[in-house]
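Note sheet for the following structure.
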Amino acid sequence: MSHSRLAQRVLDIAESPTLAVDARAKALAAAGVDVVGFGAGEPDFATPRHIVDAAAAAASDPRLHHYTPAPGLPELRTAVAAKTRRDSGFEVEPNQVLVSNGGKHALYNAFMSVVGPGDDVLLPAPYWVSYPELIKLAGGRVVTLPTSEATGFRVTPGQLERAATSATKLLVFVSPSNPTGAVYTPEEVRAIGEWAAERGIWVITDEIYEHLTYGDARFSSMPVIVPGLADRCIVVNGVAKTYAMTGWRVGWIIGPLDVIAAATALQSHATSNVSNIAQAAALAALTGDLDAVRAMREAFDRRRTTMTKLLNDIPGVTCHEPLGAFYCFPFFEDRLREPIRGRSVRTTLELAEVVLEDARVAIVPGEAFGAPGYVRLSYALADDDLVEGVERLSELLS
Ligand code: PLP
């Protein structure tokens, strides 16, 4: 008999630290404090007009006032398949798509459907905050694989091979990466995909930042480059980052039919279908053009350059150039060897507190991503705010 009030599975996980930082910054702002928030993982732009209009029309359509099939509106699943063909070249059928409440819920369904007790999951670090908690919720064991700037925060097949055992069920792969901004080359994607296919290891590949790459970096989709992996590969994607639709909560997985059937059964009991209004908005997004994301990408690219330079100008701080997504991931540990305004600050966790209190700037400490010593700053905010925020940081630390 269990004596604790709460179930062990929730006692074993922590609240999302990025959402917590963002909530704290938003609460301070609501209380009239002038905070610059680098914490949020979301575009600062409004959702494009034609998408909002589609949602407004959907809200007035009585046909959409009822349940849809649990895996999503048939036309949306068809649109996801068509969009995937268009953007990554992966040929899939609509019945290989399960529409969920955001990429996060899609990941939850994916992990719950293929990972269980006794399964090890390889997770390259620095990792996005939710992966370890989702793996634990599914009953799996997290095996982190540290990476550093020296390898551009990318794992190699050699590293994977050294970490794999007979208990290894799955690899989590994300490119472009949150929090590091790393983008794997097609050759690297091939090498990792071939390794996984040969080893019979599943891959969840998170493609949510597919459209946000800069310079010469290009997104490439693992099951396209390594078709032999498709039977053990689950693609995760969504509208949040591409169309500035984080609040609409629409994401999906694409996978083999047995996974989709299992994950659909799971979702049918947990949440049923995603809100019809949000599905109609996602349909408009996916069947429309990519003009809005091109404009956003340009703005992010500009801010990326500015922020990387300004951060590298702070003594004791080094920031590699991110090639994708919308985060800088600088190294602050060298700066922590010296006191900050007479105070000894030993960790980036403490640094984030001091920075919020003294400089009114919200940043996410690397500890949240399994990478102490680093800090994540989103550059998805207005150019002026970005400069102001990094200047405040610089003033505090110089
Ligand atoms: N995957 C990665 C790597 C992310 O950074 C995020 C959001 O921050 C998600 C998935 C989930 O996105 P959403 O649930 O908003 O669709």
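This structure is a prediction, so every number in the text was calculated from the model and none was measured. Indexing begins at 1, ligand by ligand and atom by atom, following the structure's order. Count residues from 1 along the sequence.
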Next on the checklist: Does only the side chain of Tyr131 get under 4.0 Å from ligand 1, or the backbone, or both, or neither? Count heavy atoms.
Outcome noted: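 The part of Tyr131 near ligand 1 is the side chain, not the backbone.
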
Next on the checklist: I need the contact type for Lys241 against ligand 1. Using non-hydrogen atoms and a strict under-4.0 Å cut-off, is it side chain, backbone, both or neither?
Outcome noted: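 The answer is the side chain of Lys241.
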
Checklist entry - In Å, rounded to the nearest 0.5 Å, how long is the span from CG of Asn273 to OG1 of Thr271? => result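 Between atom CG of Asn273 and atom OG1 of Thr271 there are 8.0 Å.
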
Heteroatom proximity flag, [X] to ligand 1, N/O under 3.5 Å:
| X | result |
| --- | --- |
| Val174 | no |
| Asn178 | yes |
| Arg249 | yes |
| Tyr209 | yes |

Checklist entry - Aromatic ring centroids of Tyr209 and Phe326 under 6.0 Å? => result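 Yes, the ring of Tyr209 comes within the 6.0 Å limit of the ring of Phe326, centre to centre.
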
Item to check | Ring-ring centroid check Tyr374 Phe153, cutoff 6.0 Å | outcome: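 Yes, the ring centres sit under 6.0 Å apart.
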
Please list the nearest protein heavy atom to [atom] with its residue and the distance rounded to 0.1 Å.
| atom | result |
| --- | --- |
| atom 6 (C) of ligand 1 | Trp128 CZ2, 3.5 Å |
| atom 12 (O) of ligand 1 | Ile208 CD1, 3.7 Å |
| atom 2 (C) of ligand 1 | Asp206 OD2, 3.4 Å |
| atom 16 (O) of ligand 1 | Gly103 N, 2.6 Å |

For residues 194-208, run the donor-acceptor check on the side chains, cut-off 3.5 Å, and write out each pair with its distance to 0.1 Å, sequence neighbours left out.
residue : atom : partner : partner atom : Å
Trp195  : NE1  : Glu161  : OE1          : 2.7
Arg199  : NE   : Glu161  : OE1          : 3.1
Arg199  : NH2  : Glu161  : OE2          : 3.0
Asp206  : OD1  : Ile208  : N            : 3.1
Asp206  : OD2  : Tyr131  : OH           : 2.7
Glu207  : OE2  : Ser221  : OG           : 2.6

Checklist entry - Taking all atoms of both residues into account, what is the closest heavy-atom pair of Leu311 and Cys328, and its distance? => result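 Shortest heavy-atom contact: CD1-CB, 3.8 Å.
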
Next on the checklist: What verdict does the salt bridge (Lys or Arg N to Asp or Glu O under 4.0 Å) test give for Arg9 and Asp12, after you've listed the backbone C-alpha separation in whole Å, the side-chain angles of each residue and the deciding distance to 0.1 Å?
Outcome noted: CA-CA 5 Å; Arg9 80 175 70 81; Asp12 286 344; over 6 Å; no

Where ligand 1 meets [X] - atom numbers and elements under 4.0 angstrom, heavy-atom basis:
| X | result |
| --- | --- |
| Ala240 | 15 (O), 16 (O) |
| Gly102 | 14 (O), 16 (O) |
| Lys104 | 11 (C), 13 (P), 14 (O) |

Checklist entry - Can you name the one residue among Asp385, Asp44, Thr308 that meets side chain to side chain donor-acceptor pair (under 3.5 Å) with Arg303? => result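 Going through Asp385, Asp44, Thr308 one by one, the side chain to side chain donor-acceptor pair (under 3.5 Å) with Arg303 is satisfied by Asp44 alone.
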
Checklist entry - Applying the 4.5 Å side-chain criterion to the ILVMFWY set and letting contacts propagate, would Ile51 and Ile277 be lumped into a single cluster? => result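 In one cluster with Ile51: Ile277, no.
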
Checklist entry - Can any side-chain N or O of Arg304 pair as donor or acceptor with the backbone N or O of Pro322 at less than 3.5 Å? => result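 Here the side-chain-to-backbone pair exists.
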
Examine ligand 1 and decide if any of its atoms is less than 4.0 Å from a heavy atom belonging to [X].
| X | result |
| --- | --- |
| Trp248 | no |
| Gly238 | no |
| His105 | no |

Item to check | Any residue meeting side chain to side chain donor-acceptor pair (under 3.5 Å) with Ser177, in chain and number order, not counting sequence neighbours | outcome: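 Listed in chain order: Thr180.
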
